[in-house]
Amino acid sequence: MSSMQNQFTVHFWGVRGSIASPGAETVRYGGNTPCVEMRVGDSRLIFDGGTGLRVLGQTLLSQMPVKAHMFFTHSHWDHIQGFPFFVPAFIPGNCFHIYGAIAPNKATIQQRLHDQMLHPNFPVPLQIMGADLKFNDIEVGQPLELGDIKVETALLNHPGEAIGYRVNWRGYSAAYVTDTEHFPDRLDENVVYLAQDADVLIYDATYTDEEYYAEKSSKVGWGHSTWQEAVKVAKAANVKKLVIFHHDPLHNDEFLDRVGEQVAQRFPNSLMAREGLSLQLLPPDNDLSEASVQAPQVSV
């Protein structure tokens with residue numbers, strides 16, 4: 001079996017939440033909004049299309065023709081704003097299977113990606129994209145089978161709704177659970193379901209408990225969680241590796257360093273998501289290692 005067929009890697013192209021935040025104070029963790037790539041066997045899975053998707057697209061130009069499955073958690077701007085700048089989608093010969101749940105207003109993921117590219121918001125429409133775009137409406141809770149890859153979904157607690165994903169392949173699993181707010185009196189059973197015994201849990205920890213419960217500027221009801229809740233979920237679900245994700249745009253590198261130290265004290269097998277971070281699930285001994293924490297070399 002080739003190394004290509006025997007891989008399960010998770011690569012982070014955008015890890016910031018709410019709005020892109022480039023600058024001198026966010027260099028080490030990155031300022032691009034959510035985009036996570038998983039290479040599973042010989043398949044490429046992409047989760048969310050924030051500004052990190054643009055950077056991923058630049059690296060794919062040397063690997064064409066490209067085929068990938070793209071999964072959207074929801075269509076708030078920070079999760080779709082990179083899609084119009086995803087160059088491989090404009091190139092004939094590439095193929096992208098695009099998945100998303102139907103929104104509460106009944107809009108499909110195709111409609112929402114289409115609408116953000118209408119005038120006066122964008123100079124060219126989605127129809128100008130030359131790649132083969134195949135849109136799929138997800139029924140939340142119904143697993144998707146991509147060959148020997150199983151993708152599970154569950155509804156998350158977020159304004160306007162969002163969905164979490166779990167990728168299962170040959171006994172390995174990675175959960176992508178972002179844009180979710182914890183409940184005050186219990187763990188979210190949907191989150192625990194997605195995270196149960198996962199090799200990797202990527203979790204929305206936008207805030208600290210102190211920020212979330214602050215008397216003057218409470219974040220209750222904003223649709224995001226905290227690193228303290230991430231630790232609770234990871235322990236309850238027997239997660240092997242916890243990755244803190246969807247960093248607040250106001251949290252600079254030094255702040256995230258401190259958060260990482262606090263998380264590690266409570267859950268030693270943890271990491272702070274940063275652009276360029278690559279995790280590899282290595283068969284057959286179930287060893288999960290950090291392959292790289294440096295930003296990848298990309299052409300611009």
_Under the criterion side-chain contact (heavy atoms from CB on, under 4.5 Å), I'd like the reasoning laid out for K241 against D199: C-alpha separation, chi angles, the key distance, then a yes or no._
CA-CA 6 Å; K241 175 81 76 176; D199 294 288; over 6 Å; no
*Test side-chain contact (heavy atoms from CB on, under 4.5 Å) on I149 and S43 and set out the steps.*
CA-CA 9 Å; I149 303 170; S43 296; 3.7 Å; yes
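- Counting only N and O atoms by type, the side chains of D137 and T108 include no donor and acceptor under 3.5 Å apart.
- The closest side-chain donor-acceptor pair between D179 and H74 falls under 3.5 angstrom.
- The ring-ring contact (aromatic ring centres under 6.0 Å, His included) check on Y193 picks up nothing, with sequence neighbours excluded.
- Closest approach of G221 and Y212 over heavy atoms only: N-OH, 4.4 Å.
- Of all the heavy atoms in F8 and A174, the pair that sits closest is CZ-CB, 4.0 Å.
- Applying the 6.0 Å contact sphere to NZ of K235 captures more than 12 heavy atoms from other residues, nucleotides or ligands.
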_Derivation and outcome, side-chain contact (heavy atoms from CB on, under 4.5 Å), residues T9 and L279_ = CA-CA 6 Å; T9 61; L279 303 177; over 6 Å; no
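- Here the side chain of S62 pairs a donor or acceptor atom with the backbone of T59 at under 3.5 angstrom.
- Within the model, atoms OG of S270 and CD of Q262 stand 11.5 Å from one another, a figure rounded to the nearest 0.5 Å.
- Among residue pairs with one or both ends in residues 138-159, those qualifying as salt bridge (charged side-chain N to carboxylate O under 4.0 Å, His left out) are D148-R170, E152-R166; sequence neighbours excluded.
- The closest side-chain heavy-atom distance from Q111 to K106 is not below 4.5 Å.
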*Show your working on salt bridge (charged side-chain N to carboxylate O under 4.0 Å, His left out) between D248 and R16 and close with a plain yes or no.*
CA-CA 6 Å; D248 189 284; R16 191 71 54 168; over 6 Å; no
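- V233 and A195 get closest at one heavy-atom pair: CG1-CB, 4.1 Å.
- Contacts of Q81 classified as side-chain contact (heavy atoms from CB on, under 4.5 Å), with partners at least two apart in sequence or in another chain: T33, T51, W77, D78.
- Side chains of F135 and L113 form a contact here, defined as non-hydrogen atoms less than 4.5 Å apart.
- A cation-pi contact, defined as under 6.0 Å to the ring centre and within 45° of the axis, links K219 to Y207.
- Of the possible donor and acceptor atoms, none in the side chain of D42 sits under 3.5 Å from a partner among the backbone N and O of V40.
- Tracing side-chain contacts under 4.5 Å through hydrophobic residues (I, L, V, M, F, W, Y), one reaches L271 starting from V36; they form part of the same cluster.
- Residues forming a salt bridge (Lys or Arg N to Asp or Glu O under 4.0 Å) with E37 (at least two apart in sequence, or on another chain): R44.
- Counting heavy atoms from C-beta outward, L281 and V200 have side chains that approach closer than 4.5 Å.
- In this model, a donor atom of one side chain and an acceptor atom of the other lie less than 3.5 Å apart for H158 and H76.
- For E25, the CD atom is loosely surrounded, since the number of other residues' heavy atoms within 6.0 Å does not exceed 12.
- Here the NE2 atom belonging to H251 is positioned 9.5 Å from the CZ atom belonging to R258, to the nearest 0.5 angstrom.
- Closest non-hydrogen pair, T226 versus Y203, comes out as O-CE2, 3.9 Å.
- For an aromatic pair to be called close, the ring centres must be under 6.0 Å apart, and F245 with Y176 satisfies this.
- Close placement of the H79 and H246 rings is indicated, their centers lying within 6.0 Å of each other.
- Under the 3.5 Å distance criterion, the side-chain polar atoms of N252 are matched with a main-chain donor or acceptor of E254.
- Placement of I202 and I163 within a single hydrophobic cluster is found when ILVMFWY residues are connected by side-chain heavy-atom separations under 4.5 Å, directly or transitively.
- Looking only at side-chain heavy atoms (C-beta outward), E161 and P104 come within less than 4.5 Å of each other.
- Connectivity analysis of hydrophobic side chains (ILVMFWY, heavy atoms under 4.5 Å, direct or indirect) links I102 to nothing; its cluster partners are none.
- No hydrogens or angles considered: a donor-acceptor pair under 3.5 Å links the side chains of T73 and D48.
- With N157 contributing its side chain and T180 its backbone, the two residues share no donor-acceptor pair below 3.5 Å.
- Of the possible polar contacts, one joining the N94 side chain to the P88 backbone as a donor-acceptor pair under 3.5 Å is found.
- Salt-bridge annotation for D197 and K240: absent, with no side-chain N of the basic residue lying under 4.0 Å from a carboxylate O of the acidic one.
- Two residues are said to be in side-chain contact when any heavy atoms from C-beta on lie closer than 4.5 Å; Y172 and V167 fail this criterion.
- Under the salt bridge (Lys or Arg N to Asp or Glu O under 4.0 Å) criterion, E229 pairs with K232, sequence neighbours left out.
- With hydrogens and angles disregarded, no donor-acceptor distance shorter than 3.5 Å links the side chain of R54 to the backbone of F83.
- Between F255 and H247, a ring centre-to-centre spacing not shorter than 6.0 Å is recorded.
- Side-chain heavy atoms closer than 4.5 Å link hydrophobic residues (I, L, V, M, F, W, Y) into clusters, and following such links, even through other members, never connects V191 to L155.
- Of the possible donor and acceptor atoms, none in the side chain of D115 sits under 3.5 Å from a partner among the backbone N and O of M117.
- Inspection of the H182 and Q228 side chains reveals no N or O donor paired with an N or O acceptor under 3.5 Å.
- When the shell of 6.0 Å around CG of L118 is examined, it contains more than 12 heavy atoms from other residues, nucleotides or ligands.
- Hydrophobic clustering, with ILVMFWY side chains joined whenever heavy atoms are under 4.5 angstrom apart, keeps L250 apart from V220.
- A donor-acceptor contact shorter than 3.5 Å is absent between the side chain of N190 and the backbone of L156.
- To the nearest 0.5 Å, the span separating CG on L256 from CD on E261 amounts to 11.5 Å.
- When every heavy atom of N32 is checked against every heavy atom of E275, the shortest pair comes out as N-OE2, 2.7 Å.
- Counting heavy atoms from C-beta outward, F90 and F85 have side chains that stay 4.5 Å or more apart.
- Within the 4.5 Å cutoff, side-chain heavy atoms of D257 are placed close to those of R28.
- Both tests hold for R274 against Y29: distance to the six-membered ring centre under 6.0 Å, angle to the ring axis within 45°.
- For F47 and F72, the distance between ring centers is not under 6.0 angstrom.
- Both V15 and V243 are members of a single hydrophobic cluster when ILVMFWY side chains are connected at heavy-atom separations under 4.5 Å.
- We find the CH2-OG1 distance between W227 and T206 to be 14.5 Å, quoted to the nearest 0.5 Å.
- Remark: the backbone N or O of T208 is paired with a side-chain donor or acceptor of E211 at under 3.5 angstrom.
- Nearest approach of L53 to G49, heavy atoms of both residues: CD2-CA, 3.7 Å.
- With S218 contributing its side chain and E215 its backbone, the two residues share no donor-acceptor pair below 3.5 Å.
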_Under the criterion side-chain contact (heavy atoms from CB on, under 4.5 Å), I'd like the reasoning laid out for V66 against F96: C-alpha separation, chi angles, the key distance, then a yes or no._
CA-CA 8 Å; V66 176; F96 299 99; 4.0 Å; yes
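- Two residues are said to be in side-chain contact when any heavy atoms from C-beta on lie closer than 4.5 Å; H224 and D204 meet this criterion.
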